[in-house]
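What you see is a predicted model; the values in this text were computed from it and never measured. Worth knowing before you read on, the calculation uses all heavy atoms, side chains too, and leaves out hydrogens, waters and symmetry mates. We name chains A, B, ... by the order of the sequence lines, and we start the count at 1 in each one.
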2 protein chains.
Amino acid sequence: MSNKPTAAAIPGNTIGRLSLYRRLLQELLAQGTRQVYSHQLARLAVSTPSQVRRDLMTIGFSGSPRRGYTISELLANIEGLLARSIETSVALVGVGNLGRAILAYYANRQPVRFAAAFDRAPEKTGRILHGCRCYPVSEMAEVIAREQIHVGVIAVPAAEAQGVADQLVLAGVRGILNFAPVRLHVPAGLYVEHVDLMMALDKVAYYAHQQVEQQDSSR
Amino acid sequence: MSNKPTAAAIPGNTIGRLSLYRRLLQELLAQGTRQVYSHQLARLAVSTPSQVRRDLMTIGFSGSPRRGYTISELLANIEGLLARSIETSVALVGVGNLGRAILAYYANRQPVRFAAAFDRAPEKTGRILHGCRCYPVSEMAEVIAREQIHVGVIAVPAAEAQGVADQLVLAGVRGILNFAPVRLHVPAGLYVEHVDLMMALDKVAYYAHQQVEQQDSSR
DNA sequence: CTTCATTTGTGAAACTGTTCACAGTGTGAA
DNA sequence: TTCACACTGTGAACAGTTTCACAAATGAAG
């Protein structure tokens with residue numbers, strides 16, 4: 001039986017929170033804490049104890065009553081689950097303002113390796129930024145195959161994003177993180193995560209403004 | 001009756017999609033299209049016709065059978081709802097790599113006005129970046145009050161984010177867009193949107209890798 | 001050894017968001 | 001003017017997620 005039943009599909013929200021827990025647990029461990037209760041982790045994550053327990057239950061991790069969860073074990077568990085990221089090499093496409101900021105942001109954070117960057121502009125290629133070599137887009141397929149890259153990060157203008165995505169898919173990438181303000185069409189089964197900055201700001205503006213109105217109307 | 005019943009709380013997901021529809025509709029209008037069907041908009045948004053119709057129903061907008069939705073009307077409707085953003089001034093805190101990229105990204109996109117930026121480092125203050133003046137953090141309260149800023153964007157290192165959030169709240173901001181990899185604690189009623197780049201990449205890496213495994217196990 | 005306080009694990013309820021399916025309707029064609 | 005079609009609007013089913021509430025387990029204290 002090579003198929004562990006634990007390996008069922010974990011919902012995206014849960015994966016997101018696990019990523020957060022990992023960071024928090026790393027900090028706690030660095031501070032010398034050994035054990036943690038669901039309510040403590042919940043406070044750090046700005047969540048609820050129930051939610052934390054449910055998430056840990058989802059990944060099949062157990063604590064013990066009265067003692068809580070052993071941080072080192074829990075951390076190992078979560079890292080084993082997610083951060084094959086360690087084994088996952090990533091490619092960045094688009095070395096503009098945003099691309100460079102992304103590179104800087106992820107540089108030297110543990111579980112990520114940017115194995116290559118790509119840009120159309122010749123003056124950007126050939127250099128090494130934050131430990132990541134920049135190639136011309138024409139070499140994308142070749143480099144992605146050679147470096148065993150499974151994830152692509154798109155940080156190009158909206159108009160070029162779909163084309164880049166197509167190239168990435170063709171090159172064999174299995175997941176895409178897209179910063180361009182367009183929805184990407186990809187073959188079924190491929191995973192795409194959109195980070196839509198415009199949408200994010202619109203949401204904040206909407207709710208912030210709504211509050212102002214409620215305040216006004218309650219005079 | 002000053003309270004329009006339409007003004008009920010619209011769920012965050014819907015607001016997000018409306019933001020997307022707005023962009024798509026703007027493009028369509030620029031191309032000279034006048035009318036659009038739910039299934040067309042759905043294809044552009046990589047969504048479903050049902051979802052589109054439900055969203056427009058949520059904001060109380062009606063089309064007509066066989067004709068679809070009139071783009072100009074729909075756009076006006078959505079903009080009237082969301083993009084009080086036009087009236088909402090925004091402040092950026094943290095003018096590092098990410099902060100500058102954010103500024104560049106939003107600069108000259110219609111419904112956003114970055115009225116001020118703040119940074120601790122003296123060598124960054126006093127300049128004007130992408131049409132946005134940079135002040136020292138000590139002047140935050142004053143500038144935010146003067147410029148009627150209601151939204152703050154946080155792009156500082158994790159360790160400083162909570163402190164900055166507290167200052168923003170104190171200065172009277174009503175919504176926060178947070179790029180720092182920490183969960184912020186704010187008074188109830190204030191809106192916070194987190195853009196967690198680490199989490200986003202973890203999600204992609206997880207699902208991308210899972211795919212690889214499924215492929216392998218199905219030999 | 002027993003009791004008590006505390007925390008986990010989890011079935012079930014409640015809630016939220018999405019999709020279905022079809023009645024109703026305006027439109028263009030004849 | 002009538003007809004048939006292709007669309008919208010929406011109640012209701014469905015799916016997914018979060019929260020509740022409580023039994024079971026554990027360690028500490030007496």
Legend entry - Check: D:dT19 base within 3.5 Å donor-acceptor of A:Arg54 side chain: yes
Inset, instruction - Give a yes/no on whether any side-chain N or O of B:Arg17 is located under 4.0 angstrom from OP1 or OP2 of C:dT18. - result: yes
Inset, instruction - Could you check whether the rings of A:Phe61 and A:Tyr69 sit parallel, tilted or perpendicular, using 30° and 60° as the cut-offs? - result: tilted
Inset, instruction - Measure the distance from OH on B:Tyr37 to C1' on C:dG28 and round it to the nearest whole Å. - result: 11 Å
Legend entry - Candidate nucleotides D:dA6, C:dT19, C:dT8, ranked by approach to the side chain of B:Arg66 - the nearest: D:dA6
Legend entry - Integer-rounded Å distance: D:dT17 C1' and A:Leu18 CG: 15 Å
Legend entry - Whole-Å distance separating the CZ atom of B:Phe61 from the C1' atom of D:dG9: 13 Å
Inset, instruction - Check the distance between D:dG9's P and B:Leu74's CG and give it to me in whole angstrom. - result: 11 Å
Legend entry - Rounded distance (Å) that lies between atom P of D:dT18 and atom CE of A:Met57: 14 Å
Legend entry - OP1 or OP2 of C:dT18 under 4.0 Å from side-chain N/O of B:Ser50: no
Inset, instruction - Looking at every strand, decide which applies to B:Ser38 at a 4.0 Å heavy-atom threshold: base, sugar-phosphate, or nothing. - result: sugar-phosphate
Legend entry - Which nucleotide in C:dG17, D:dT17, D:dC7 has an atom nearest any side-chain atom of B:Pro11: C:dG17
Inset, instruction - Drop me the distance from B:Leu20's CG to B:Ile15's CD1, to the nearest 0.5 angstrom. - result: 13.0 Å
Inset, instruction - Return the nearest nucleotide to the side chain of B:His39; candidates are D:dT26, D:dC7, D:dT10. - result: D:dC7
Inset, instruction - In whole angstrom, give the distance that lies between atom CD of A:Gln35 and atom P of C:dT7. - result: 13 Å
Inset, instruction - Could you tell me whether the side chain of A:Asn178 and the main chain of A:Val182 form a donor-acceptor pair under 3.5 Å? - result: yes
Legend entry - Pair B:Glu147 + B:Arg113, salt bridge at N-O below 4.0 Å: yes
Legend entry - Between P of D:dG16 and CD1 of A:Ile10, the distance in whole Å: 15 Å
Legend entry - Options D:dT19, C:dT27, C:dT8, nucleotide nearest the side-chain atoms of B:Arg67: C:dT27
Inset, instruction - Compare side-chain N and O positions of B:Tyr69 against OP1 and OP2 of D:dG9 and report whether any pair is under 4.0 Å apart. - result: yes
Legend entry - Distance below 4.0 Å between B:Ser64 side-chain N/O and C:dG26 OP1 or OP2: no
Inset, instruction - Run the salt-bridge test on A:Arg23 and B:Asp196 with the 4.0 Å N-O cut-off and return the result as yes or no. - result: yes
Inset, instruction - May I ask you to evaluate whether B:Ser62 reaches the phosphate of D:dG9, defined as a side-chain N or O under 4.0 Å from OP1 or OP2? - result: yes
Legend entry - Short side-chain N/O contact from A:Gln51 to OP1 or OP2 of D:dT17, under 4.0 Å: no
Inset, instruction - Find which nucleotide of DNA chain D each of B:Gly63 and A:Thr48 is nearest to by heavy atoms, and output the residue with the more 5' nucleotide. - result: B:Gly63
Legend entry - Any A:Arg53 side-chain nitrogen or oxygen under 4.0 Å from OP1 or OP2 of D:dC20: no
Inset, instruction - Give a yes/no answer on whether the side chain of B:Asn13 brings an N or O atom under 4.0 Å of OP1 or OP2 in C:dT18. - result: yes
Legend entry - Sole residue of A:Asp55, A:Leu41, A:Thr58 in side-chain contact (heavy atoms from CB on, under 4.5 Å) with A:Arg17: A:Asp55
Inset, instruction - Starting at atom CD of B:Gln40, determine the distance to atom C1' of D:dC7, rounded to an integer number of angstrom. - result: 11 Å
